[in-house]
Amino acid sequence: MHLLFEPGFFTSGPVHTAVLIGSVTALVSAIVGVFTVIRSQSFAGHALTDVATTGGSGAFYFGITPLVGFIGGGVVGAGAMDLVGVQRVRSRDLATGIVLGAATGLAALFLYLDTTTSATTGATQQILFGSIFTLDPSTVPLVAALSALTLFVIALVYRPLLLSSVSTELAGARGINARAVGLIFMVAMAVAVGLSSIAIGSILSTALLIGPAATSLRLTSSLRSSMVLASVLAVATTCVGILLAYDSSYWDPSSQGLPVSFFIVAITFLGYLFSGLPVVRRRVGRRRGDLEGARAVDVGSRPMSEGTA
Amino acid sequence: MSRAPVLEVDGVSLSYSGRLVLDDVSFEIGEGEFTGLIGSNGVGKTTLMRVILGSQRPNSGTVRLGGSSSAPRGSLLGYVPQKVVLDPDVPMRARDLVALGLDGQRFGWGRRTRQQHAAVEQVLHDVGAEGFANSRVGTLSGGELQRVLIAHALVSRPKLLLMDEPLANLDPKSVQEIVSLLHRVSRDHEVAILLSAHEMNALLPAIDRIVYLTAGRAASGTTEEVVRSEVLSKLYGHHVDVLKLHGRVLVVAEPGHERNDIPDHPPLTIS
Ligand SMILES: Nc1ncnc2c1ncn2[C@@H]1O[C@H](COP(=O)(O)OP(=O)(O)OP(=O)(O)O)[C@@H](O)[C@H]1O
Ligand SMILES: [Mg+2]
């Protein structure tokens, strides 16, 4: 057994496609994920993965490429949640839950139909948990285009999105339509989830959306550095996951190798746990402390009485 | 009024589901004037601000800003809402929030120029927020947050600053600090301020004019003109006395007409 790279890793076509699509979709998930976490919309993000499952399994049944179904389902789901009232914080969980329930029921139907009527086995496995080594290289341009479009939209609405994520009142005061911005973001989130569904499966795409973002938000003190760190973590995790999955087929020659999704989710989870360790937090806290050290200047002691004639 | 009005509110009426909240409210604010909008809870202060902002349409009446009723309001107005809830986990420093006051409504990622960075630093200095400029906004204390929100509203150099109850939840020392800060800001930046409060005493030393709102109706003028027994009695529809003691005011209803919706009224005895 080789130390790290088993033979053929660098020359295998499916591995190239997997690394390319995996990295691009991980990057999109990470950037969108940072906003998902600061907007406290993780639950909505998770609901979108369920709607993506419905779309993906439906597309499979009708013989369309699952990517279209994943994204189409997610976008429809985003619209539905907006209609049911995801924008109002109080009805947010309710709206999300209603859409999630309905979508999962439909997904159950489609997955049943997929497995009973299609000759292909493993439809369920492929849709729920991904099939990164069997991706058709011809999907690369579509994935790249959708990823670029999503990142472009996020960059376009960056400032209004940021302000309305921090406070809808302050955004409203500047004439920002927080609801429109929120809807645009939900659609971007749907596309991000759809993209990572083809890599690690629709059910697990929440892991890439939330995991790297949540970890990096713990470790950084500004939004820009959070986005950079989340991107690096997500891409690195995905590549390492692909490598380990490829290697795993050599660990036990009788097996097919373990699924990529398992490794990606495991690394993401361990990373999150690690970032929460007291040692790590203290180190980061000290760096943040430097930034905030100037706080010691007591505002109250400033002579402010001038002017109150 | 000697200076040109920056805000003219003319005959504004507004009702929510048949209940009249603002009843023919008219007043003006001149350039650089510090005006207190005084009224008890639920009297329509926030509603009036939303009408001025343009986010709420009145049933009748007009609002003119800078001499025009149709000019884009964003550049002329700064607004500090009554309720701003911020999450301590969001990695946004006070300085970043102030910078969004310059261009938060614009599209794009936005690279800021050196002048813009300088403007942010200057306004942080003006409001005395340098000490916590790098703290996360969600972790600031009430008084610190007010300073940052004032900087956020002020950094784009508006002509009129609307502040909805910025003094609620502050202790007397912070109230005094914020009031003198606003007084200084309105003088140095030539910005008119309309500040709502449910008590006027803390404001009296600093404000130029007062808009006194009760039961939907408003009286406006200098404090001497408005805070008088005749004017307030007419507004309340029954006799109230205005007592002035050491530069402080007490508004007292006559026995039998005691009510708990009079700002700066001494507490009623509980029977
Ligand atoms: N969107 C709305 N729909 C129906 N009624 C409303 C609405 N907004 C405000 N009101 C009512 O209008 C009245 C004035 O409300 P407003 O918020 O303007 O009062 P306020 O003077 O700002 O009070 P406070 O000092 O408590 O902030 C209240 O009775 C309130 O219940
Ligand atoms: Mg109010």
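Chain naming here is simple, since letters A, B, ... match the order of the sequence lines and numbering starts at 1 in each.
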Original post:
Which heavy atom of A/Val181 sits nearest a heavy atom of A/Ser164, and at what distance?
Top reply: CG1-OG, 3.7 Å
**OP:** Please look at A/Ser40 and chain B and tell me whether the side chain, the backbone, both or neither of the residue comes under 4.5 angstrom of a heavy atom of that chain.
**Re:** side chain
Subject >> Contact class of A/Ile176 relative to chain B, heavy atoms under 4.5 angstrom >> reply: side chain
Original post:
Pick one: which of B/Thr35, B/Thr46, B/Asp164 meets side-chain hydrogen bond (donor to acceptor under 3.5 Å, both in side chains) with B/Ser196?
Top reply: B/Asp164
Original post:
With respect to chain B, which residue among A/Gly175, A/Ser222, A/Ser225 yields the maximal number of heavy-atom pairs within a distance under 4.5 Å?
Top reply: A/Ser222
**OP:** Report the distance from atom CZ of B/Arg209 to atom CD of B/Glu224, rounding to the nearest 0.5 Å.
**Re:** 11.0 Å
Original post:
Between the side chains of A/Tyr272 and A/Arg218, is a donor N or O closer than 3.5 angstrom to an acceptor N or O?
Top reply: yes
Original post:
Under 3.5 Å, is there a donor-acceptor pair between the A/Thr220 and A/Ser226 side chains?
Top reply: yes
**OP:** Select one option (side chain, backbone, both, neither) describing which atoms of B/Leu162 are under 4.5 Å from chain A's heavy atoms.
**Re:** neither
**OP:** Name the option with the most non-hydrogen atom pairs under 4.5 Å to chain A; the candidates are B/Val85, B/Asp103, B/Val80.
**Re:** B/Asp103
